[in-house]
Amino acid sequence: MEAATAAQAAPLAGVSYTKRRTDDVINPLDITEAELKRRQGPSLTISCAVDGSQMSDKSMATALSFFNSKRGDKFNVIHISDMSKNYLSKHLTPSHLKNYYVDMAHGARVKAEWLCREKEEGRSTCESLTRLAEKHGTDLLVLGSWGRKGEKLDMLGTVSDFSLRQSHCSIVIVRSVGGGGLGGITGGMGPAGGAPGAVATGRPAKYLFATDGSHAAHLAFTFLLNYLLRPCDSVQVLAVHTSATEGAEEARTTEFYKQYMERRRVSGGVHVRCVDRLTTNIPEGIAEGVTELGCDVLVMGISGYGRKKLGSVSADISTRASCTTIIIKDSWDVQSDRYQSAGIATMNHEVATSAME
């Protein structure tokens with residue numbers, strides 16, 4: 001406990017490493033990168049879910065910032081319509097939304113495919129969205145933490161929560177709070193306010209990557225650096241542990257991250273943080289790291305520190321984080337029965353809670 005308390009006193013001090021040869025040691029991140037590229041290929045299919053809300057504008061700007069035409073990326077704009085909602089304003093009809101968001105993509109020099117489907121009978125909007133995204137081979141699904149109903153800081157909307165747990169592709173949950181972001185929109189007022197604005201490049205993004213040293217974390221990190229990171233962006237790696245013995249292992253793991261970043265000339269740093277569970281928890285420790293390191297985008301793999309599918313860390317952080325959060329999934333791993341059962345149980349709980357309210 002004394003070791004944990006001492007480490008906590010200086011929680012984000014950069015890790016210093018002794019200079020030594022590592023030519024005879026294979027970096028596990030290099031192995032994971034080779035695996036990722038074999039399965040992923042050179043390009044991404046990026047889809048952005050929209051509903052005409054202001055959050056959708058920010059989600060589009062974020063999604064467009066990931067697009068890379070030189071590597072052959074594809075870009076989809078997804079909308080699930082519902083004919084039963086005949087009370088919606090004209091600017092929220094599918095035809096208006098199509099013109100607005102396709103024009104927005106065009107302003108960023110991106111050719112977007114408009115994918116609009118009526119909500120399937122017997123299925124929720126959430127299910128229809130994830131099924132449509134998967135049908136079109138989406139690798140990265142970008143959506144707002146809340147839609148037209150508005151945003152609460154301590155939870156997710158039904159669609160984003162369901163997509164986070166049930167979708168087989170990686171998820172970007174865009175928050176409207178905070179000043180950071182991956183892109184910006186200028187000159188427009190949203191679907192209700194005239195012509196769409198041009199998507200600006202935005203200031204460089206500051207990523208915080210939280211790792212538990214698992215294969216899922218390695219996969220997420222190599223995905224981030226190879227497919228999402230722009231040359232102007234920076235990354236801070238944070239390895240969180242709960243005991244002095246774990247700290248030694250985390251320090252060895254972060255050295256691999258440091259080497260991997262140096263070879264790719266990625267700016268940033270690596271840090272080890274010890275969390276005293278008597279005073280805080282892992283999600284809180286990561287959230288504090290986001291603030292203390294001045295980062296505006298949090299990235300995690302699907303695995304939590306309990307080695308669960310979408311463990312408590314990933315679930316809690318993605319729900320409560322006040323910044324944009326990227327949850328990178330191993331598409332092969334998340335299709336397991338254990339993951340599906342966890343997602344369904346969580347969704348049933350949310351439905352039951354909503355009914356009580």
Side-chain angles (χ1 to χ4, degrees), residues 29-30 32-33 36-37 40-48 57-77 104-112 138-144 169-176 178-186 197-211 217-238 257-271 289-290 293-301 321 323-329:
L29 291 167
D30 292 327
T32 306
E33 179 187 328
L36 173 68
K37 289 187 174 181
Q40 179 62 50
S43 61
L44 291 180
T45 296
I46 302 168
S47 297
C48 182
D57 283 5
K58 187 169 184 179
S59 299
M60 276 289 291
T62 299
L64 290 167
S65 71
F66 294 131
F67 184 84
N68 188 333
S69 60
K70 292 182 179 180
R71 66 186 179 199
D73 287 357
K74 296 181 180 179
F75 193 93
N76 300 321
V77 181
M104 182 185 292
H106 181 74
R109 299 180 180 178
V110 174
K111 182 180 179 181
T138 299
D139 300 307
L140 192 69
L141 176 61
V142 183
L143 68 167
C169 60
S170 297
I171 299 291
V172 180
I173 300 175
V174 179
R175 288 282 192 182
S176 65
L182 292 163
I185 297 179
T186 59
V199 177
T201 302
R203 65 178 178 83
K206 297 179 180 179
Y207 289 90
L208 177 71
F209 181 81
T211 178
H218 294 344
L219 183 77
F221 191 68
T222 55
F223 187 92
L224 170 64
L225 266 60
N226 284 278
Y227 293 96
L228 304 183
L229 202 70
R230 300 171 300 181
C232 60
D233 297 336
S234 61
V235 181
Q236 301 292 337
V237 176
L238 182 63
Y257 281 85
K258 181 175 182 289
Q259 295 167 359
Y260 189 80
M261 290 171 63
E262 287 178 344
R263 287 200 303 271
R264 285 154 184 77
R265 298 180 180 180
V266 175
S267 62
V270 292
H271 310 268
V290 173
L293 287 168
C295 298
D296 44 39
V297 184
L298 173 64
V299 185
M300 299 182 68
C323 63
T324 292
T325 306
I326 303 176
I327 303 296
I328 298 174
K329 301 183 179 183

Between Phe66 and Arg71, the two heavy atoms sitting closest are O-NH2, 3.3 Å
Nearest heavy-atom contact between Ser267 and Met261 is O-CE, 4.0 Å
Who are the side chain to side chain contact (heavy atoms under 4.5 Å, CB included) partners of [X], not counting sequence neighbours?
{"X": "Ser59", "value": "Cys48, Met55, Val142, Val174"}
{"X": "Ser69", "value": "Phe67"}
{"X": "Arg264", "value": "Asp30, Glu33, Leu225, Tyr260, Val266"}

Could you tell me whether the side chain of [X] and the main chain of [Y] form a donor-acceptor pair under 3.5 Å?
{"X": "Lys58", "Y": "Arg175", "result": "yes"}
{"X": "Gln236", "Y": "Leu208", "result": "no"}
{"X": "Glu262", "Y": "Arg265", "result": "no"}
{"X": "Asp73", "Y": "Ser43", "result": "no"}

Checking Ile326, Leu143, Ile328 against Ile171 for side chain to side chain contact (heavy atoms under 4.5 Å, CB included), the one that qualifies is Leu143
Hits for side chain to side chain donor-acceptor pair (under 3.5 Å) against Thr138, two or more places apart or cross-chain, chain-then-number order -> Ser47
Hits for side chain to side chain donor-acceptor pair (under 3.5 Å) against Asn68, two or more places apart or cross-chain, chain-then-number order -> none
Those residues at least two apart in sequence (or on a different chain) that pass ring pair (Phe, Tyr, Trp, His ring centres under 6.0 Å) with Phe75 are none
Which of Tyr227, Tyr207, Phe209 passes ring pair (Phe, Tyr, Trp, His ring centres under 6.0 Å) with Phe221? Answer is Phe209
Exactly one of Thr222, Asp139, Asn226 clears side-chain hydrogen bond (donor to acceptor under 3.5 Å, both in side chains) with Gln40, and that residue is Asp139
